[in-house]
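These notes concern the structure reproduced below.
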Amino acid sequence: MSFSFSRLHSGRCTAVVLVLLLFCSALHAQIPPGSSYPEAATVDQADTYHGTVVQDPFRWLEDLDSDEVKAWREEQDDFLDRIRRKYLRSYTGLLASISVDYTHRLFGHTMHDIASVKRVWRQGGYTFRLQEIANHKMMLFYTPEGSSDTKPLLQVDELRAYRDEIIRVSSVYMNEEDTRAAVVVRRSGTDLREVHVVDLESGTPTGDVVEGLRSNLVGWCKDGFYYVQFSGSDLFDRVQEQRLMYHTLGTEQKDDIQIVRQEVTDGILSLSVPTSDSVRLHETLLVEFVSKHGSRKFFNAAQLHIGHTGEGLPELQPYLTIPLEDNIDFRVLYKEDDEILAYSNVGAPNGQVLRYNTRMRNQAKLIIPEFQERLEDVARLGEYLFAVYLMDGVSSGYLLDTLGETINQVRFPEGYSLANLAVDYDDSTFVYYVTSFFQPGCVYSFHPRTKIVDHLYGEPLQETDIHYITKIVEYPSKDGTMIPMYITHRRDMERDANTPLLLYGYGGFGVSTKPFYSYFNDHILRRGKGIMAAPCIRGGGEFGQAWHNAGRRLNKQNTFDDFIAAAEYLIEEGYTSPEKLAIQGGSHGGLLVTAAMTQRPELFGAVIAEAPVTDMIRHSQHTTRGLSLDEYGSPQDSVDFFNLLSYSPLHNLKEGVAYPPIILVTGDHDDRVHPSHSFKFAAALQAIMGQQESGQVLLKVTEQAGHSGSDNDRYDQEKDAYIMAWLKYHLDF
């Protein structure tokens, strides 16, 4: 029997795909004596798509609450514990040291995670503090500006449904009068959010609770607030529609008013708050409607008062309508009163900044023209603009006036990334975060009037690091396209075939790969004396929307070809060898590394796949994955289906192939990429690998963790320590 797909053609190429899985409990060469992979039963489950039958014998692993799945998971956990004996000494040492590194990694979140554990921030005339008190309980405190009177706002742990649940505050928003606070919380790292309203004068909850959000943002208006709700309030419910809702204080959520309902297959609704000199959320709140039928429309939230609820959003008059085309990237950067600044690449592939007046529909004035460098981000502070550009892997910041005239430049060495641009209105400065592959990163402020750059947090950057170097090379992909790649290593290192190398990749959703620090990088570079490489493959956004489109949907194979070509280049150039080459990716990057592994298994010595998407035929069946149809395509479309089937990692496993060792990592509360993607791939691959003397197939499920990890640092530290100990074992460094 074989895991490969065979197509039997009759009539007009009707294909039948048979996937027959056999299981064997034979001992594994790298598994301790007496150990074997847990057995996974198969079921007679088949689906037909466009005349093609696809067997799905592990469908039962999608039911996470079933007794059978729970028992199988316990067996996987026990198996993992037995395997850990080989890594125990290394694991223990790594776990002891990794907590220090986590302190550094928090710097990477200071700009965009306004309410992480033990954080302090200012908003709307108040200082908020999330603090751990006795018995590990979390309390949210607030203090009026200029006062020493600190009051408890919310005891977060009181919201727990059961003892071990982890509750974290995601954001806090005040109403216009600063009398009410909407506290947004999440449970166990999930994307689901709920809102609890608190009276700021008394410090007591009002009883207003709104659930079913998958965004941190709510927008106060008059006697209530707007929010976007997704269909299905349970964790793993499939999202099929969105609703823009209005909640009136003092009422139950079931009585909330629906402004508009939208199927996710037809369009996406979102709320956003561009940066603004104003601290009033209601003055800057925008509503965006992205229609799959040809346009993006922007509305002022002020238009959406209750008097409009009978009309619905589509009948309102947008102040801005942008065509929805593959190569168009458009986003609002700043809003103040009737003025907005927006990024656009229409007629300017590298990006430009335009000014619009919301009272004059679609009339734009050019503020920052297109340059040779790619425009990545822009912020405004009064009469100043700060623009971040990227060219040849080098980040630069330009200070401009509101007419677009350049005043000053801030430039960083090759291999450093400038990100998380923000504005500190209290200090009248621009603030940004700078990092590299080998340095945890630091936060700087830039004073536009004095042109002085101040170091705020973290280890200051050096113009030239004496220990490490990041360089950018170019290599040809399968079709000849030249792909840039970051390569980082010690300056004094002499590379050869025995050098361990960690190849990281993402390449999806228009997300750019830039220098970033992680514990994995640090471990390879410092402790392993190895190399870290990160190619800017197609599907990302490094060269604008066209680069994204070149690795999107029917072009997705380009993404895998680019990544595989990166591995081939590194081997051919003597940086490493297949036995010493590990690949790592998470989420879409998990799809990338598992697809690369199934297509070219001989190239890799180890695979780290975190929250991977592996079943492309059912990628849209759970949670929010219906929102990824634009990236991957729909199995209901015949062209998309056969394209998805051609690279779906789960459906391209073949019996008799010696796959490299792999560790699959998922969170038990991951409601963005369903854990069953990891479960089904692990079960299928263990069935193959259990029959031969080759690498290991391990499944690591992190407790109380969502797509981005756990809100309990200890759980994430244990996970990272385990993966690094496993990687050290297989690459022998």
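We use all heavy atoms of the structure for the numbers below, so side chains are in, but hydrogens, waters and symmetry mates are not. Nothing fancy with the numbering, it's 1 onward along the sequence.
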Of all heavy-atom pairs linking Ala379 and Val423, the shortest is CB-CG2, 4.0 Å
Determine whether the aromatic ring centres of Tyr384 and Phe430 lie less than 6.0 Å apart.
no
Discussion item. Is any side-chain heavy atom of Glu631 closer than 4.5 Å to one of His548?
Written reply: yes
Using side chain to side chain contact (heavy atoms under 4.5 Å, CB included), reason through Tyr173 and Leu217 one step at a time and then give a plain yes or no. CA-CA 8 Å; Tyr173 298 105; Leu217 186 60; 3.4 Å; yes
Checklist entry - In terms of the angle between their ring planes, are His588 and Tyr632 parallel, tilted or perpendicular, with boundaries placed at 30° and 60°? => result parallel
Q.
Looking at Val346, is its backbone amide N or carbonyl O close enough to the side chain of Gln352 to form a donor-acceptor pair, meaning the two atoms are under 3.5 Å apart?
A. yes
OG1 (Thr248) and CZ (Phe225) are apart, to the nearest 0.5 Å, by 9.5 Å
Is any side-chain heavy atom of Thr402 closer than 4.5 Å to a side-chain heavy atom of Ile367?
no
Distance col, row Asp67:CG vs Asp65:CG, nearest 0.5 angstrom, shows 9.5 Å
| Can you check whether Phe141 reaches Thr143 side chain to side chain, under 4.5 Å on heavy atoms? | no
Of all heavy-atom pairs linking Trp220 and Ala181, the shortest is CZ2-C, 4.3 Å
- Item | Working for side-chain hydrogen bond (donor to acceptor under 3.5 Å, both in side chains), residues Ser587 and Arg672 | CA-CA 9 Å; Ser587 191; Arg672 200 178 310 175; 6.0 Å; no
- Kindly indicate whether the side chain of His619, heavy atoms from C-beta on, has any atom under 4.5 Å from the side chain of Val673. no
query = Does a side-chain heavy-atom distance below 4.5 Å link Asn175 with Val197?
reply = no
Minimum side-chain heavy-atom gap Lys680-Thr614 below 4.5 Å: no
Rounding to 0.5 Å, atoms CE (Met139) and CD (Glu158) come to a distance of 7.0 Å
All heavy atoms of Gly212 vs all of Gln229, minimum pair found to be O-CG, 3.6 Å
The side chain to side chain contact (heavy atoms under 4.5 Å, CB included) partner of Val388 among Leu418, Val378, Asn420 is Leu418
Exactly one candidate in Arg187, Arg186, Gln253 meets side chain to side chain donor-acceptor pair (under 3.5 Å) with Glu194; the answer is Arg187
Closest non-hydrogen atoms of Ser512 and Glu376, given as atom of the first, atom of the second and distance, are OG-OE2, 4.3 Å
On a heavy-atom basis, the closest approach of Tyr246 and Gly224 is OH-N, 3.0 Å
Carefully, step by step, assess Leu153 and Leu200 under the rule side chain to side chain contact (heavy atoms under 4.5 Å, CB included). CA-CA 7 Å; Leu153 181 65; Leu200 288 171; 3.8 Å; yes
- [ ] With the side chain counted from C-beta on, respond yes when Tyr356 and Val332 share a heavy-atom pair under 4.5 Å apart, and no when they do not.
- [x] no
Heavy atoms of His677 and Asp615 approach each other most closely as ND1-N, 3.1 Å
**Request:** With side chain to side chain contact (heavy atoms under 4.5 Å, CB included) as the test, would you mind laying out the steps for Asp668 and Arg73 before giving the verdict?
**Result:** CA-CA 10 Å; Asp668 61 354; Arg73 269 197 54 193; 3.8 Å; yes
Does Asp427 CG have over 12 foreign heavy atoms under 6.0 Å away?
-> yes
